[in-house]
Amino acid sequence: MDVLLFIIGSITPYIAFFVLILGLIYRVARWLSIPVPIRFPVAPAPITYTGVLKRMSIDLFAFGSLIKGNKKLWLGGYAFHIALAVTLISHIINVYFHNLWEVIGYGWYEAVLYSGFFFLAALSFLLVRRIVLPNVRYISKISDYLILILLFAIVFLGVYMRSFGLVDVSSVSNYMYSLLTFNPIPPPSNIWFLTHYVLAQILFIYVPFSKVSHLIGWMLSTTRNMRNITRWRRHVNPWDYPVEVLTWEEYYEKFKDELESIGPGGERR
Amino acid sequence: MKIDTTLPARKYKLYATWKRDMETMNLPFPRDWSHTDFKLPQNWREIALKKMDEVVNKFRSVKLFLDICVKCGACTDKCPFFLGTLDPNNMPVARQDLFRSVYKRYFTLTGKIFRGLVGAEELTEETVELWYTYFYQCSQCRRCSVFCPYGIDTAEIMIAAREVLTAIGLSPRSLTEAIAKCETIGNHMGIPPAALLSAVEFAEEEIKEETGISIKVPINKKGAEVLYIPPSADFFGGPHWGTLKGVIKMFHQIGLDYTISTYASEGGNFGTWLGYEHMKKINRKIVEEARRLGVKWILGGECGHMWRVIHAFMDTMNGPLDFLEEPVSPITGTKFKHAASTKTVHICEFTADLIKNGKLKLNPDANNQYIVTYHDSCNPARVLGLIEEPRYILKNVCRNYVELDPNVNREKTICCCAGGGLLADETIELRLKAIRPKIEAIKRTGANFLACICAVDKAAFTEYAEHYKLPITVGGVHELVGNAIVLD
């Protein structure tokens, strides 16, 4: 047990964290290493950087493209991402800046619990939708269900622990602090916490290798982040290659009589 | 949303390229084959995977789009080919998945390890059959991309995927026949110079009969100020004919110093739908002709995918066009700054500017027999963002103008379903199903004239109107301009 505790408390957290960070860096570097041979934004597209910033901000903060076509999915997806953001932020505050709650107000600390319920509801919606709607079921792979189930399990355990006071936040906090100093103390040996914690580590490792990498990838989407200025500023394709075409001279030889019937040298003025 | 898992659209396949066209175009593996018997080369899998590796490392968008799709399903009910057939493989994400699953299997870590669990699949002959079927049921209209939270564009994935199909010797006749003609004769229709002259003379005669005015259209004229490039369909007649006449009348009224070309008599570019090389080849002739004739700038006619190429690719693949001058309208003095580098202006931009400056003598009553509605073609709307200009022109040349349902209009337009190489007789059943929502929308407006700025639209909607018994005339925006032009 102690060995296991040591591994999931002192070794795998570092692995998970560095796989997440380095994995995402690798992913982005890999995308960036591939050229953008054509400027091909989806119009109507802005012609200024400010316009692009606006367009992408609407996509980031309001899921602007999604709401155009599917209001229900927008609601579910938006609720999910908001709950995710609230959860991540409150975890950081809880663990590393616990005193901040005094500034923010403990009312908010209480409210975060309810955001957990909200989170579970949004996840359930996404999962049920994936199972029930024939079109979405058709495009779903096993991994698409698993990621939702994984998230659901993590959030459920978190909410469960909080609701029944099964874990001492300050001991978790102390442990997490010790990770920062690379001198980890054993984690609280609480089965609820440890399960929650291990699943979260699995999630961290999964992110860079999966569709969850959309969290950064969306920024590189060339149909959204490019300006519609292709006729105004030349875009260069680094792998462009020459082609051979039928020249005017060859064409003229081929159709000499016909062209001369139009006029001398094929010209009609 | 209902789906039909019997894959009802699987039976719609474009016919195979002729062997002789494959030879003309230097396509890989020229042979006699058919859409039911591919006769794939021995090492096809190896070639396909090599090409796949190449394309995902050539287009950042393609790799990114294959990687980040979260399968949310927002695009599923946005593709007209899905709405018309309920075939799940016509949902944009499922169409991409046919390619993505193979990409995952051979080029991603998770796919190599977890296989089916993450949707990775082997590349089999059946996969290729599905590829050839469904990759050529996409008109590359980009409607799905509008609604995707990350802007994932099926069109770009299809561009890459079709390169892979071409590499193993699979491409449809509907594209290659036209491309081969374009590369050897000068245009998709295969109109040789003398026939083009006859068409122009015929248009001149008709204008003379109608207005009493004699016009002589310059052809291959060196030193003209502007090179006018229409799609070759305009010389062919049918729903395109009015546009050619309209443009000729307009140019005459404003006294534009222009020329058309027989060598670059094709604005359209079927190469766009096959791959980079042939797109570049076809487009190259426009650039070379502008150089040879010594014109100042280029004016492009009413054509959709031609404008995809000119707007988004021409300067990149065949530029810089620094031997031309920054376009300035000789009539109004307007500088077309947005075309400063490509030096190519869209006819609707040009005409809208003329109208705005009061330089056209128009009688909108000439179109009083029409209730006009406008169909946004996919390329002008979603590649150029050319949405207001045609509407501005229409409102000035006719009295009765109505808009289509906003759900299938402007950037949300449902395309003509005949682009991307689908304009072929063998797909008519499929296209008629796909176009239905658009036809219903047109019906609801009560219009009797459908104005388009794309040759494929005009050809396709004429067919559709006939089938759906829609009492509507299909024609170009500049056909209506031509009607309203007062010549004296």
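Chain letters run A, B, ... following the sequence lines, proteins first, then strands; residues in each count from 1.
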Side chain, backbone, both or neither: which part of [X] has a heavy atom under 4.5 Å from chain B?
X      : answer
A/W248 : both
A/D59  : side chain
A/L32  : both
A/Y252 : neither
A/E244 : backbone
A/F209 : both
A/R233 : backbone
A/S140 : neither
A/P41  : backbone
A/V42  : both

Inset, instruction - Indicate whether any N or O donor in one side chain lies under 3.5 Å from an N or O acceptor in the other, for A/R224 and B/Y150. - result: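 There is no such pair between these side chains.
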Inset, instruction - Decide if the gap between the ring center of B/F59 and the ring center of A/W239 is smaller than 6.0 angstrom. - result: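 Ring centres of A/W239 and B/F59 closer than 6.0 Å.
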Shortest non-hydrogen contact between [X] and [Y], atoms and distance:
X      : Y      : value
B/K285 : B/Y263 : CE-O, 3.5 Å
A/N225 : A/M56  : CB-SD, 3.4 Å
A/N228 : A/A43  : ND2-CB, 4.2 Å
A/P264 : A/E260 : CA-OE1, 3.5 Å

Select one option (side chain, backbone, both, neither) describing which atoms of [X] are under 4.5 Å from chain A's heavy atoms.
X      : value
B/V62  : neither
B/E326 : neither
B/S145 : both
B/E277 : both
B/A94  : both
B/K222 : both
B/T76  : side chain
B/M91  : side chain
B/Y276 : both
B/I260 : neither
B/T108 : neither
B/K58  : both
B/R292 : side chain
B/L197 : side chain

Looking at [options], which has the largest count of heavy-atom pairs under 4.5 Å with chain A?
options                        : result
B/K78, B/H338, B/E411          : B/H338
B/L293, B/I282, B/V383, B/L321 : B/V383
B/V146, B/L109, B/N89, B/D153  : B/V146
B/G73, B/A194, B/A224          : B/A194
B/R382, B/R308, B/K63, B/R142  : B/R142
B/G116, B/C72, B/C69           : B/C72

Inset, instruction - Could you walk me through whether A/R39 and A/N237 pass the side-chain hydrogen bond (donor to acceptor under 3.5 Å, both in side chains) test, one step at a time? - result: CA-CA 9 Å; A/R39 185 185 282 281; A/N237 174 5; over 6 Å; no
Hey, which of [options] has the most heavy atom pairs under 4.5 Å with chain B?
options                        : answer
A/T247, A/V236, A/D257, A/L215 : A/T247
A/V36, A/D240, A/I229          : A/D240
A/L133, A/L220, A/V212, A/V136 : A/L220
A/F255, A/Y251, A/W218         : A/Y251
A/M219, A/E250, A/R129         : A/R129
A/R130, A/R234, A/K68          : A/R234

Would you check if [X] and [Y] make a side-chain contact, meaning some heavy-atom pair closer than 4.5 Å?
X      : Y      : result
A/I139 : A/N135 : no
A/L246 : B/T184 : no
B/S61  : A/F40  : no
B/T24  : B/K181 : no
B/D97  : A/K141 : yes
A/K211 : A/D144 : yes
B/F147 : A/N70  : no
B/D67  : B/L64  : no

Inset, instruction - State whether the number of non-hydrogen atoms from other residues, nucleotides or ligands found under 6.0 Å of A/Y145 atom OH is greater than 12. - result: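 Check passes, neighbour count above 12.
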Inset, instruction - Determine whether more than 12 heavy atoms belonging to other residues, nucleotides or ligands lie under 6.0 Å from atom NZ of A/K71. - result: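 Enclosed: over 12 neighbouring heavy atoms sit under 6.0 Å from NZ of A/K71.
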Inset, instruction - For B/H311 and B/N379, run side-chain hydrogen bond (donor to acceptor under 3.5 Å, both in side chains): C-alpha distance rounded to whole Å, both residues' side-chain angles, the deciding distance at 0.1 Å, then the answer. - result: CA-CA 10 Å; B/H311 183 79; B/N379 285 303; over 6 Å; no
Inset, instruction - Look at the rings of B/F336 and B/W297 and say which category their plane angle falls in: under 30° parallel, 30 to 60° tilted, over 60° perpendicular. - result: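 Tilted, since the angle between the ring planes falls between 30° and 60°.
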Inset, instruction - Please confirm whether the backbone N or O of B/N220 pairs with a side-chain atom of B/T259, one donor and one acceptor, at under 3.5 Å? - result: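 At least one qualifying donor-acceptor pair exists.
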